[in-house]
Amino acid sequence: MKITRITVYQLDMPLTEPYCLSGGRLKFEKLDSTFVRIDTDEGISGWGEGCPWGHTYLPAHGPGIRAGIETLAPALIGLDPRSLDHVNRVMDVQLPGHPYVKSPIDMACWDILGKTTGLPLWQLLGGPVAAPVLVNSSVSTGSPEEMLSQITSAAQKGYTVHSAKIGGTDTGLDIDRIEAISEGIPKGHKVTFDVNRAWQPAVAVEVLNSVRARDWVEQPCETLDQCAHVAARVTNPVMLDECLHTFSDHLQAWKHGACEGVKVKPNRVGGLTKARQIRDFGVCAGWQMHIEDVGGSALSDTAAIHLAASTPEANRLASWLCHYHLDVDPVPGQGARNNHGVAVPPSQPGLGVTPEDGTLGDPVAVYGG
Ligand code: MG
């Protein structure tokens, strides 16, 4: 089997309402998503999506995906898409770094492997069943009362796990947010306080040693070294996210005792192939993980849910579904959806999500014949 054509689509996806992170310094209103269809000489096609949330969130941006695919495409045409490690090695030789460019290509190749073998991705990624995965809500930065009100409405939709975005310049307000939310969430619910790298290490140590809450804290500072410094001086379990891009970063996090868990996001690390390697390392290390994508429609959400569902329950906390924040749905009714706080991956061969003709508009680029 050979890749014969790569077709690229671009879609602007407005959020239903503006979303703030990192104490409000990062604001998002629309996402730039790239959809990729890979065709083969055997008539089987696969789909992938890459969406780096917004260009201020990570060293990644929507137009960069399209430019990177233009660079990679000549080396990909003619490869067997089922040889996923080889496809990834070719991409890494042709374009070192730039993991977010490679994720939609890798995802489409996994879809083809699934369709060829007749197996769903959750099984190809090692899972025994289409396990239901807990879905967490995502609570935008606001006053303690506003954030608790968002959690209350999320709880009414069935969510039992919440990610609350904090990390402002007002240390006292962050302490108030943490205490109010930790005490005010419904009994049995869990919350992670996601700082999105906003604190200096001294602020993180001060805040976390001031609060009574012992909930998870995510990405307190910018760098891995800063987060490791904090992790050694607080008793909250630490989750890392934005500072992890390569397998080596995860190895360093483990060596430095920088965390008890990580966010595994295919678009941040280069696709499902590399996310699976990191997931497997995390299982060996005893980490607890949130497995979800950086952003995107139900297509990329579903790819991540396949990986989450195939992960041992002890190592899996919850997954966020980006598509609930979007004002558009290019794959209506398809894929993993929130059903009272859980999502189940599809069980048809491959990814189980296929955009219908016309929903993505005209291609912005076509490579190959
Ligand atoms: Mg995060």
Side-chain angles (χ1 to χ4, degrees), residues 17-29 53-59 136-155 159 161-186 189-244 249 253 256-263 288 290 294 317-318 320 325:
E17 47 193 83
Y19 193 92
C20 294
L21 294 178
S22 207
R25 71 184 172 132
L26 306 181
K27 185 178 180 186
F28 305 89
E29 296 181 294
W53 185 243
H55 58 270
T56 56
Y57 177 59
L58 287 170
N136 68 268
S137 78
S138 190
V139 179
S140 178
T141 308
S143 70
E145 298 74 24
E146 286 164 351
M147 294 180 78
L148 260 178
S149 147
Q150 288 184 60
I151 288 173
T152 302
S153 66
Y159 292 95
V161 185
H162 311 277
S163 172
K165 309 299 178 186
I166 61 168
T169 50
D170 183 340
T171 306
L173 181 56
D174 269 339
I175 290 172
D176 290 346
R177 287 175 177 132
I178 292 172
E179 297 291 41
I181 292 168
S182 188
E183 287 171 18
I185 57 170
H189 285 216
K190 292 186 174 160
V191 62
T192 294
F193 293 102
D194 192 354
V195 188
N196 290 110
R197 63 192 198 272
W199 287 337
Q200 298 302 313
V203 174
V205 171
E206 178 194 349
V207 171
L208 297 176
N209 287 326
S210 299
V211 295
R212 288 185 297 279
R214 297 269 71 85
D215 309 279
W216 282 88
V217 173
E218 183 171 326
Q219 194 71 42
C221 306
E222 185 80 34
T223 69
L224 178 54
D225 286 339
Q226 291 169 345
C227 291
H229 178 94
V230 172
R233 289 161 177 80
V234 303
T235 55
N236 298 73
V238 172
M239 169 101 27
L240 294 182
D241 186 350
E242 291 101 307
C243 67
L244 302 173
D249 291 338
H256 293 296
C259 61
E260 283 75 33
V262 298
K263 288 272 176 93
Q288 291 187 289
H290 281 256
V294 177
L317 287 172
W320 166 70
H325 294 265

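Along the sequence shown, the residues carry numbers beginning at 1.
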Going by the side chain to side chain contact (heavy atoms under 4.5 Å, CB included) test, name the single residue among Val195, Leu244, Leu240 that passes it with Gln219.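 Of the listed residues Val195, Leu244, Leu240, the side chain to side chain contact (heavy atoms under 4.5 Å, CB included) partner of Gln219 is Leu240.
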Backbone of [Y] reached by a side-chain donor or acceptor of [X] within 3.5 Å:
| X | Y | answer |
| --- | --- | --- |
| Ser182 | Glu179 | no |
| Glu242 | Tyr57 | no |
| Ser140 | Tyr19 | no |
| Asp194 | Lys165 | no |

Please tell me whether Lys190 and Thr192 have a donor and an acceptor in their side chains that are separated by less than 3.5 angstrom. no
For [X] versus [Y], what's the shortest heavy-atom pair and its separation?
| X | Y | result |
| --- | --- | --- |
| His290 | Ala318 | ND1-O, 3.0 Å |
| Arg214 | Val211 | NH1-O, 3.5 Å |
| Phe193 | Ile178 | CZ-O, 3.5 Å |

Of all residues at least two apart in sequence or in a different chain, which pass the ring pair (Phe, Tyr, Trp, His ring centres under 6.0 Å) check with Trp320? Trp53, His325
What verdict does the side-chain contact (heavy atoms from CB on, under 4.5 Å) test give for Leu208 and Val217, after you've listed the backbone C-alpha separation in whole Å, the side-chain angles of each residue and the deciding distance to 0.1 Å? CA-CA 9 Å; Leu208 297 176; Val217 173; 3.5 Å; yes
Neighbour count above 12 (heavy atom, 6.0 Å) for Glu183 CD: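 More than 12 within 6.0 Å, yes.
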